[in-house]
Amino acid sequence: MSRLCLGTGAFGFNESWAGDLAATPEAEAFRIMDAALDLGITFFDTANVYGNHGRGTSGDTERIIGRWFAQGGGRREKVLLGTKVGRTMFDNDYDGPNTKDGLSLWKIRRHVEESLRRLGTDHIELLAMHRIDRNAQWDQLWEAFEGLVRAGKVDYIGSSQSYAWELMKAQEVARRRNFMGLVSTQHRYDMLTRAAEIEAFPCAIDQGIGVLLFSPLRRGVFAVDLLKPDDHPIHESDAWYVEAYRPQLTEFAKLCHDLGHKPAVVHTAWQLAQPAITAPIIGPATVQELEELVQSVDVELTPDVLAEIDRIFPAPEDHFYPNQDPRVIRPVSWA
């Protein structure tokens, strides 16, 4: 599987700035997906709620991917496809009590069938819960997921935005049912948000769960070069991060200039250096952005550079083991 995952949340028909949710038109989305395959990215991530965010509807991103698959040329065969279930489908008025965010056996089966139809495929390699539903019993969820796996409609099950204790609970119930359990989890993780290093990442490594990163550049914050402030647009809802952390982001920009790479490339390379991470889910708005981000796979950051990043953006303090580097997992000895 490729070290980068192509995120498709920007594919759709929202008339907003390039890079916003559902703001990449279909023709450009086709070019991005073709270029991704050419560059060796074979892992694509989507969700049933993506697309047409500006009009209050859902599902168009899956439809765009389905039409891209329909062009043939081995496109479907080359892609490891992941989609998600559990969020509210914006134009959905027929699910009754299952309309709102949440998970149930009934909703999972119904929504997966709809995703398969939109995607024009008979199976999905990875199906993830968009969010954990703490009101749903794991036995009910695993009953739904096991049935889809055994029917050949889904290969693997993943999670998103889960605490370590939730991952362990899911795995324990799956083991009791003799099922393989979760193979992946999605997290928010960037230089400003590093809490996952304390528990979630060690748990994922211990349980053999791959970690995917959603919005790895924090919707463009870490693509901004403050030495070239007009170089990259940023969504207004996240622009305050730039002002709140301007000193650190300026230092980071200087470091990137010294390394000869754009901030987005260095930031993604830093994420790839974290041993728990399987793949950041990148969301390029253009082929040019995609080609730039792919460079991160070949950028190896030295220990000195990683230490400098830790100085600029300190790692979280582990209150139980305050002197332990959270990136290093050591066996605990009680002797």
Side-chain angles (χ1 to χ4, degrees), residues 1-12 18-47 50-51 61-62 64-83 119-121 124-126 128 155-156 158 184 186 189-190 210-220 222-225 231-233 256 259-274 277-301:
M1 187 177 69
S2 54
R3 287 305 316 275
L4 297 177
C5 175
L6 179 67
T8 62
F11 297 173
D20 196 5
L21 294 172
T24 299
E26 183 167 320
E28 185 64 19
F30 278 25
R31 286 191 287 269
I32 291 171
M33 289 186 282
D34 282 334
L37 284 186
D38 291 341
L39 292 167
I41 298 177
T42 56
F43 182 16
F44 290 13
D45 173 85
T46 192
Y50 291 169
T61 301
E62 288 186 334
I64 289 171
I65 296 171
R67 289 191 286 270
W68 180 74
F69 283 151
Q71 294 178 103
R75 286 174 171 82
R76 177 65 187 98
E77 292 76 11
K78 295 174 184 176
V79 169
L80 190 158
L81 177 64
T83 193
L119 290 162
T121 187
I124 299 163
E125 279 77 26
L126 176 63
D155 291 337
Y156 300 104
S184 70
Q186 291 192 17
Y189 178 71
D190 53 53
V211 176
L212 310 174
L213 304 181
F214 66 88
S215 192
L217 297 176
R218 192 175 277 275
R219 298 194 71 185
F222 286 99
V224 172
D225 184 345
D231 184 56
H232 195 282
C256 295
L259 295 173
H261 296 292
K262 290 192 172 185
V265 173
V266 176
H267 188 271
T268 306
W270 171 80
Q271 290 168 323
L272 289 168
Q274 160 60 249
I277 292 171
T278 302
I281 303 172
I282 61 173
T286 64
V287 171
Q288 180 182 353
E289 288 186 3
L290 172 65
E291 291 172 343
E292 291 174 354
L293 285 170
V294 167
Q295 298 172 26
S296 62
V297 175
D298 298 318
V299 173
E300 185 172 347
L301 303 180

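Residues that satisfy the side-chain hydrogen bond (donor to acceptor under 3.5 Å, both in side chains) test with Gln186, not counting sequence neighbours, are Asp45. Evaluation of the side-chain contact (heavy atoms from CB on, under 4.5 Å) rule for Gln288 yields Thr286, Glu292 as partners, not counting sequence neighbours. With sequence neighbours excluded, the residues that form a side-chain hydrogen bond (donor to acceptor under 3.5 Å, both in side chains) with Thr83 are Glu62. Shown here are the side-chain contact (heavy atoms from CB on, under 4.5 Å) partners of Glu125, two or more places apart in sequence or in another chain: Arg76, Leu80, Leu81, His123, Asp155. Partners of Phe44 under the ring-ring contact (aromatic ring centres under 6.0 Å, His included) rule, at least two apart in sequence or in another chain, are Trp68. Scored by the side-chain hydrogen bond (donor to acceptor under 3.5 Å, both in side chains) test, Thr8 finds Thr46 as partners (sequence neighbours excluded).
The side-chain heavy atoms of Val79 and Leu37, taken from C-beta on, include a pair separated by under 4.5 Å. For the pair Gln295/Thr268, no side-chain contact is recorded, criterion being any heavy-atom separation below 4.5 Å from C-beta on. Looking only at side-chain heavy atoms (C-beta outward), Asp190 and Pro216 stay at 4.5 Å or farther from each other. Looking at Leu259 and Val299, their side chains never come closer than 4.5 Å, going by heavy atoms from C-beta outward. Within the 4.5 Å cutoff, side-chain heavy atoms of Pro284 are placed close to those of Leu6. For the pair Ser296 and Leu272, the minimum side-chain heavy-atom distance is below 4.5 Å.
Shortest non-hydrogen contact noted between Phe69 and Leu119 is CD1-O, 3.6 Å. Across all their heavy atoms, Ile124 and Gly82 have their closest contact at CG2-CA, 4.4 Å.
Looking only at distances, no side-chain donor or acceptor of Ser184 sits under 3.5 Å from a matching main-chain atom of Gly210.
The neighbour count for Tyr156 OH, taken as heavy atoms of other residues, nucleotides or ligands under 6.0 Å away, does not exceed 12.
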